[in-house]
Amino acid sequence: IPESVVVCLANGVEYQGRFSSEDNCIHGLVSITKDFIVEAFDILFFTYRGNGRFDLAIFNTSKVENLLEREIIETGKQ
């Protein structure tokens, strides 16, 4: 994973972040919690798409996606 990453929400909004190989974390995404209602115990599900791009789905405690639903595209990879 490159140091500079992009996190894309289901509604198309993108955020810039920085991946640290030292702690295996993405830093610089606090603004997501400020722009959207993210509460304690919400689940943030990251899917790595390659080339430093992640999709992010946010689920509340009832496991319902908080943001706009994203159409899942099958890649045909087995």
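Start at 1 with the first residue, then count along the sequence. Computed from a predicted model, the values in this text were never measured in an experiment.
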L29 with V6, same ILVMFWY side-chain cluster at under 4.5 Å |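 No, because L29 and V6 fall into different hydrophobic clusters, even though each may have its own neighbours under 4.5 Å.
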For [X], what residues pass the side-chain hydrogen bond (donor to acceptor under 3.5 Å, both in side chains) criterion, not counting sequence neighbours?
X   : answer
R18 : none
E14 : R53
D23 : S20, H27

Residues F59 and A57: closest non-hydrogen pair is CE1-CB, 3.5 Å
*How far apart are the closest heavy atoms of G52 and P2, and which atoms are they?*
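Shortest heavy-atom contact: CA-CG, 3.6 Å.
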request  = Would you give the length of the straight line joining atom CD1 of I1 to atom CD1 of I26, rounded to the nearest 0.5 angstrom?
outcome  =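 These two atoms lie 6.5 Å from each other.
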ask   = In Å and rounded to the nearest 0.5 Å, what is the CG to CD1 distance from L44 to I58?
value =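 The CD1 atom of I58 is 5.0 Å from CG of L44, to the nearest 0.5 Å.
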Residues at least two apart in sequence or cross-chain that pass ring pair (Phe, Tyr, Trp, His ring centres under 6.0 Å) with F54, listed by chain then number, are Y48
The ring pair (Phe, Tyr, Trp, His ring centres under 6.0 Å) partners of F45 (sequence neighbours excluded) come to none
In residues 30-37, what donor-acceptor pairs under 3.5 Å come from side-chain atoms, sequence neighbours left out?
from	atom 1	to	atom 2	distance (Å)
T33	OG1	V30	O	2.6
D35	OD2	Y15	OH	2.7

